[in-house]
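Take a look at the structure below.
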Protein chains: 2
Amino acid sequence: MTNQEKNCRARLHLVDSHRQCQHCQAEKLCLSFGLDQSIGAEMRDLIQERGPFQAGDTIYRQSDPFRSIYSIQSGCVKAETVTVDGRASVVGFFHPGDLAGLDGIGSKTYPTDLIALETTWICEIPYKELLDLCGHSPKLQSRFIERMGMTIQQHEQDWKVLRSDPAEIRVMRFLYQLHERNRRNGSTSPRVKLPMAKQDLASYLSLTPESLSRVLTRMQTDGYILKESQRVLVLQKSLEDELGLPVSRS
Amino acid sequence: MTNQEKNCRARLHLVDSHRQCQHCQAEKLCLSFGLDQSIGAEMRDLIQERGPFQAGDTIYRQSDPFRSIYSIQSGCVKAETVTVDGRASVVGFFHPGDLAGLDGIGSKTYPTDLIALETTWICEIPYKELLDLCGHSPKLQSRFIERMGMTIQQHEQDWKVLRSDPAEIRVMRFLYQLHERNRRNGSTSPRVKLPMAKQDLASYLSLTPESLSRVLTRMQTDGYILKESQRVLVLQKSLEDELGLPVSRS
DNA sequence: CGACGGGTTGACTGGATTCAAGCCACGTGG
DNA sequence: CCACGTGGCTTGAATCCAGTCAACCCGTCG
C-alpha cells in the first residue's frame, strides 16, 4: 500500500530537536516561549521536532496509544474520527500554534486520527515528561492548563454556533475566523486559502459537500466572496455585519 | 426582584468547610479523593462547600470574574449562554462528580451562567490555589489535567453526535447516557428522571421544544419509552441496538 | 376566577439532504 | 496524442425532517 508506506516514512522521520525551531511560524504561541532559562532548556530537550509531513500523511491514528501532544509549527492538520457506520467525521482543524492531541489526555488511546492537509512541521511533546516539567514550573503548568481551558471554551462556542445557525452563517463564520487568523499573522490580503478539501470542510461544518457547494455559489452571486480557484476565496464584503446579528437580513 | 434576592441568598450561603462532605454523593469522583495525608488536608481547607441551591438559583453568571471551579456534590446544574439575539442556549448539564466552570480557565470571566436545576450542593475550589497545590502534588496535578482532557474528549464526542444525527437518535443517546450514569451509581431501575425542564433539554439537543415533544411521543408510540410523568420516563427497550448502528431501522 | 408559563398537538413551510447526472482536472496506458 | 477512468466538485430535481406559527391543554399562583 502506497499510502501506508508514506505514513511509515512520515512516522519515522525524526529531526534533530536542537535545530532551534527554524520551521516554526508559531514561536510566540509555543508552550516553552519565555520560560526560565533552565526549564526552557529542559523543554527544548523534551520536544521532538518532526516533519515534513505531506498532505494525507498520518501523524497518529485513532486507538494508537496516547503518549504525546503535538504543537503545530507550520502547515495544517485535521482530526477526524470514524463513526460506527464507517463514515469519517472531521472534528477539528489545527493551525500553527495550536495544540493537537489534548483529547487523548485522560484516555489510554487517541480518540481521533490526526492527518496532515499540506506540508506540515510539528513538535511532539511527550505527555508524561511534560507533566513532570509542569510540576517544577508553575508558569509552564498554568500556561498548559490555560490552553486546555481555552480549548474547552472554544469547543463550547463552536458548538453553540454550529447548532442553530443555518448553513450560510456557519460557512461565513468559518471563513471569517480563518481570515481573522491571517490578519493576526500580519496578512492584509482579502484572500483566504482553504488548506482542506471541500469535503473535509463540509464534514466539519456538518453539511453535505453538495450543500457547502451550493452555499459558496450563493455567497458568490450575493457578492460576499469570489471563488478565485478551488482552494482560494476572495472576501468582497466584511462578514462581521452578517455575523454580529444572527440572521437579520434587513 | 424576587429572583435576584434568591440568587443573593444563595451566593452568600456558605457552610463550614470542615463538615466532611456529608452532602457528597460523589466522594470517589472528588479531585481530593485518596490524596496523601497532607495534601488532602490542604485540599479540604481550600474547598468551600456551598449550598443548598434551589432550582433557578444562580451559582455564577456570564462575565462574572473567573476565580473558582465547582465540583457538583449532589443535585444538577445547567450551563447556558445568552446569544447576541437574546435567546438562551444550554451548553451543558453537570451531575454529581462533574467539574463545572472549566471553560472559565484561560479567560478573565466565565463564559456561561451556571444555574441549579434542583436542590444542589457544590464544592467551590479556588483556581489559583488549586494550581498551587497541583504544583506540590503530581497526583493531584495529573488528575486535574486528566479531568480536563476527558472534558475535551467528551465535548468532541457530543459534538460529533449532535451534528449529523436525526432528532430521535440525539434524544435516545441522551436518555441512554443518563440511564448509564444511573446504572453506574447502582440503580437498576428503568426509570430515568429528567432533572431539567423540557425546553432546557431541547436547547441542549439543539431542537425546538415542539420537536422534542414530538420525538418523545413518537418514541412512546414506538414502544421505546413510557412517559410516566412530566419529569420521569421509563425505558421499555434497551437503546443500545438503536445507537450502535446509526439509523438502521431494519 | 383569570392570567401565566410550560408543554403538547396540528398544518404548513423551508432549508438541507438525497439521489442522480454532469463537469473538470489529472494521471495512466494504448 | 488521445481515449479512458478516476476523484473532487458542482448542478438539478425530488424528498423529508425539523422549524414556524397557531391553537389548545393544564397545573400553578396571584
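Keep in mind that the numbers below use all heavy atoms, side chains included, and drop hydrogens, waters and symmetry copies.
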Separation of B:Gln48 CD from B:Tyr70 OH (nearest 0.5 Å): 10.0 Å

Touch class at under 4.0 angstrom, heavy-atom based, for A:Leu212 against every strand present: nothing

Sugar-phosphate only, base, or nothing, as touched by B:Glu210 at under 4.0 Å among non-hydrogen atoms: base

Proximity to the side chain of A:Leu207 - top-ranked nucleotide from C:dT8, D:dT11, C:dA16: C:dA16

Base D:dG12 to side chain A:Arg214, donor-acceptor N/O within 3.5 Å cut-off: yes

Spacing of B:Gln230 atom CD relative to D:dC25 atom C1', expressed in whole Å: 11 Å

Separation of atom CD in B:Gln220 from atom P in C:dG7, rounded to whole Å: 16 Å

Of the listed nucleotides C:dG7, C:dT9, C:dT18, the one nearest the side chain of A:Thr208: C:dT18

Whole-Å distance separating the CG atom of A:Leu205 from the P atom of C:dG15: 18 Å

Sugar-phosphate only, base, or nothing, as touched by A:Leu216 at under 4.0 Å among non-hydrogen atoms: nothing

Polar side-chain atom of A:Ser71 near backbone of A:Cys123 as donor-acceptor pair, under 3.5 Å: no

Sidechain N-carboxylate O distance under 4.0 Å for B:Lys193, B:Glu118: yes

Length of the line joining A:Asp200:CG and D:dG7:P, which is rounded to integer Å: 16 Å

Donor-acceptor pair (no angle test) under 3.5 Å: A:Arg218 side chain, D:dT11 base: no

Audit row: B:Thr119, B:Gln54, side-chain hydrogen bond (donor to acceptor under 3.5 Å, both in side chains) steps and yes/no: CA-CA 5 Å; B:Thr119 303; B:Gln54 300 304 329; 2.9 Å; yes

5'-most by nearest nucleotide on DNA chain C - B:Gln199 or B:Ser211: B:Gln199

Expected output: side-chain A:Lys160 to main-chain B:Glu80 donor-acceptor under 3.5 Å: no

Protein-nucleotide distance (A:Lys198, atom NZ; D:dT11, atom P), rounded to Å: 11 Å

Nearest-angstrom distance from the residue atom NZ of A:Lys227 to P of C:dA25: 14 Å

Atom pair distance, as rounded to whole Å: CE in B:Met196 and P in C:dG6: 16 Å

Listed nucleotide nearest any side-chain atom of A:Ala167, set D:dA18, C:dA16, D:dT10: C:dA16

Distance, rounded to the nearest Å, where A:Leu194 contributes CG and D:dC9 contributes C1': 13 Å

